[in-house]
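Presented below is the structure to which this report refers.
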Amino acid sequence: MILITGATGQLGTAVINQLLQKLPVSQIAAFVRDETKAVNLIKQGVTIHVGTYDDTQSLDHAMRAMKTVLLIAGTDEENRVRQHQHVIDAAKKARIQRIAYTSRALRDPSTLINRLMEGHFQTEDYIKASGLPYTLFQNSLYMDAIPQFVGGDAVFERGIYLPAGQGRVALALRNEMGEAIANALTSTTQGNVIYQLTGSKSYSFYDIATALTALSGKSVTYTPAVLASFEMQLIERGLAAVVARRITGFITDIANGQEDIIRPDLERLLGRKPTALNEGLNLLYKL
């Protein structure tokens, strides 16, 4: 059986939807925090285990009879390394045959401004030290996050104002990453594997503005913001200073080229080219 943690999240849902097309439902299990959010999974016959990454007993119970575990990164950024370690420890205790983890594809983790990303690589190191066979999925930034970055539909009135400079990102749709992950989990690949799941082309926010202009018929411009003034604007809007610094740190990493990585792994696992920017934005904005 394959156990998917974080199974009611968007990536977990995408992985399970693809697994259901490839495996009998009896071979798929989901680890969830809230059973009420797993109604659709229950209706489809997926085995549900309820618990949290901090509840080691629930993890031990969920691991029984599992062959593969996909650890989807937790959302509690301050505590997730410890929580991930609980999952890995439970997998080792249960003698799982393979553990997989959803990490991040970044050019040089040692020079990151947004230090919260370090948790992904600390988790990777813990997995490697566990001795368990592993598969690591280092994912690029979701194309689905672009509306959040640029301000949703307001982008068509205000344009894009971010301190991302000329930075480029190899954007890919979350659903396609989930599909690729499921394909990898059901393959017969042996040994330890690291996939870098990125789009087949990288894009700047100038490219995103051009695409939105072409799709909407409205003029969308990108203005590279000054970092300090951008952060101050976030604070003036009511964000805590620490949150504002995290956001600007993330965008500064984009400006510094951390997200400009292009690898063929996603295309190979999908068996086709990943969705390009214009088509992806058309889907996301329903233009």
Side-chain angles (χ1 to χ4, degrees), residues 1-33 35 37-38 40-74 80 83-103 120 123-139 175-197 265-266 268-271:
M1 291 188 72
I2 297 178
L3 177 69
I4 310 300
T5 76
T8 57
Q10 291 173 306
L11 181 60
T13 298
V15 172
I16 290 178
N17 285 342
Q18 181 67 11
L19 287 176
L20 286 167
Q21 298 178 44
K22 300 173 72 67
L23 297 174
V25 70
S26 59
Q27 294 181 21
I28 304 169
F31 186 77
V32 304
R33 286 183 297 179
E35 191 171 8
K37 294 182 179 180
N40 287 336
L41 295 177
I42 294 170
K43 287 180 179 178
Q44 294 176 89
V46 174
T47 300
I48 303 297
H49 297 280
V50 180
T52 68
Y53 292 162
D54 280 320
D55 182 353
T56 56
Q57 286 188 335
S58 68
L59 288 169
D60 288 342
H61 178 74
M63 297 287 175
R64 294 173 188 166
M66 296 299 158
K67 179 180 178 181
T68 299
V69 172
L70 172 63
L71 167 56
I72 292 182
R80 68 180 171 192
Q83 293 173 343
H84 292 170
Q85 289 172 346
H86 290 165
V87 178
I88 298 160
D89 289 344
K92 185 174 182 179
K93 182 178 177 182
R95 298 182 180 178
I96 295 298
Q97 295 182 29
R98 176 164 299 275
I99 186 164
Y101 174 63
T102 58
S103 187
H120 288 295
T123 299
E124 287 189 13
D125 289 342
Y126 198 81
I127 288 172
K128 292 173 183 177
S130 74
L132 290 167
Y134 62 80
T135 299
L136 303 178
F137 299 103
Q138 295 178 340
N139 300 340
N175 278 345
E176 291 189 335
M177 287 193 189
E179 181 181 342
I181 289 169
N183 290 344
L185 292 177
T186 54
S187 73
T188 56
T189 301
Q190 301 295 316
N192 299 323
V193 186
I194 299 177
Y195 295 105
Q196 290 190 305
L197 302 184
D265 297 347
L266 180 59
R268 288 173 180 167
L269 287 169
L270 290 174

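Not measured: the values here are computed from a predicted model. These numbers come from the heavy atoms of this one structure, side chains and all, not from hydrogens, waters or symmetry mates.
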Next on the checklist: Let's go through Thr47 and Met1 carefully: what are the C-alpha distance in whole Å and the side-chain angles of both, what is the deciding distance for side chain to side chain contact (heavy atoms under 4.5 Å, CB included) to 0.1 Å, and is it a yes or a no?
Outcome noted: CA-CA 10 Å; Thr47 300; Met1 291 188 72; 4.1 Å; yes
Checklist outcome for this item: Closest non-hydrogen contact found for Glu179 with Leu270 is CD-CD2, 3.6 Å
Checklist entry - Is there side-chain contact between Val87 and Tyr101, with heavy atoms separated by less than 4.5 Å? => result no
Item to check | Crowding at NZ, Lys128 (>12 non-hydrogen neighbours, <6.0 Å) | outcome: yes
Checklist entry - Just one of Leu11, Ile4, Ile72 clears the side-chain contact (heavy atoms from CB on, under 4.5 Å) bar with Ile181, so which one? => result Leu11
Next on the checklist: I'd like to know if the side chain of Thr8 and the backbone of Ala38 have a donor-acceptor N/O pair within less than 3.5 Å.
Outcome noted: no
Checklist entry - Any donor-acceptor pair under 3.5 Å linking the side chain of Thr5 with the backbone of Leu70? => result yes
Checklist entry - How far apart are the closest heavy atoms of His84 and Ala73, and which atoms are they? => result NE2-CA, 3.5 Å
Checklist entry - Can any side-chain N or O of Gln44 pair as donor or acceptor with the backbone N or O of Asn40 at less than 3.5 Å? => result yes
Next on the checklist: Please give me the minimum heavy-atom distance between Ala7 and Ile16, naming the atom from each residue.
Outcome noted: CB-CD1, 3.7 Å
Checklist entry - Does the Gln97 side chain pair with the main chain of Arg95, one donor and one acceptor, at a distance under 3.5 Å? => result no
Next on the checklist: Less than 4.5 Å apart, side chain to side chain, heavy atoms only: is that true for Lys37 and Val32?
Outcome noted: no
Checklist entry - So how far is it from Met66 CE to Ile99 CD1, rounded to the nearest 0.5 Å? => result 13.0 Å
Item to check | Neighbour count above 12 (heavy atom, 6.0 Å) for Arg80 CZ | outcome: yes
Checklist entry - Rounded to the nearest 0.5 Å, how far does CD of Gln27 lie from CD1 of Ile2? => result 7.5 Å
Checklist entry - Is the side chain of Asp265 donor-acceptor paired with the backbone N or O of Tyr195 at a distance under 3.5 Å, no angle test? => result no
Next on the checklist: Rounded at 0.5 Å granularity, tell me how far CD1 in Ile127 sits from OH in Tyr134.
Outcome noted: 9.0 Å
Next on the checklist: Let me confirm one number: the OG-CG distance from Ser187 to Leu269, rounded to the nearest 0.5 Å.
Outcome noted: 7.5 Å
Pair up each side-chain donor or acceptor in residues 54-61 with any protein partner under 3.5 Å, not counting sequence neighbours, and list the distances.
| from | atom 1 | to | atom 2 | distance (Å) |
| --- | --- | --- | --- | --- |
| Asp54 | OD1 | Arg82 | NH2 | 3.0 |
| Asp54 | OD2 | Arg82 | NH2 | 3.3 |
| Asp54 | OD2 | Gln83 | NE2 | 3.0 |
| Asp55 | OD1 | Gln57 | N | 3.3 |
| Asp55 | OD1 | Ser58 | N | 3.2 |
| Asp55 | OD2 | Ser58 | OG | 3.4 |
| Ser58 | OG | Asp55 | O | 2.7 |
| Asp60 | OD2 | Lys93 | NZ | 3.2 |
| His61 | ND1 | Arg64 | NH1 | 3.2 |

Next on the checklist: Atom CD of residue position Glu35 - does it have more than 12 heavy atoms of other residues, nucleotides or ligands inside 6.0 Å?
Outcome noted: no
Checklist entry - Do Leu41 and Ile28 have side-chain heavy atoms sitting under 4.5 Å apart? => result no
Checklist entry - Any side-chain heavy-atom pair from Thr68 and Thr135 closer than 4.5 angstrom? => result no
Checklist entry - Would you say the side-chain atoms of Lys92 pair up with the backbone N or O of Ser130, donor to acceptor, closer than 3.5 Å? => result yes
Checklist entry - Is any side-chain heavy atom of Asn192 less than 4.5 Å from a side-chain heavy atom of Pro133? => result yes
Checklist entry - Once you round to the nearest 0.5 Å, how far does CG of Leu197 lie from CZ of Arg268? => result 12.0 Å
Checklist entry - Where is the tightest heavy-atom contact between Phe31 and Ala62, given as atom of each residue plus distance? => result CD1-CB, 3.7 Å
Checklist entry - What closest approach, in Å, do Ile96 and Met63 show between heavy atoms, and which atom pair accounts for it? => result CD1-O, 3.8 Å
Checklist entry - For Ala182 and Lys22, which heavy atoms make the closest approach, and how far apart are they? => result O-CE, 4.4 Å
Checklist entry - Hey, does Asn175 have a side-chain heavy atom less than 4.5 Å from the side chain of Asn17? => result no
Checklist entry - Any donor and acceptor pair, going by atom type alone, linking the side chain of Arg98 with main-chain N or O of Gly191 inside 3.5 Å? => result yes
Checklist entry - CD of Gln196 to CG of Asn139: how many Å apart, nearest 0.5 Å? => result 10.0 Å
Checklist entry - Is there side-chain contact between Leu185 and Phe137, with at least one heavy-atom pair below 4.5 Å? => result yes
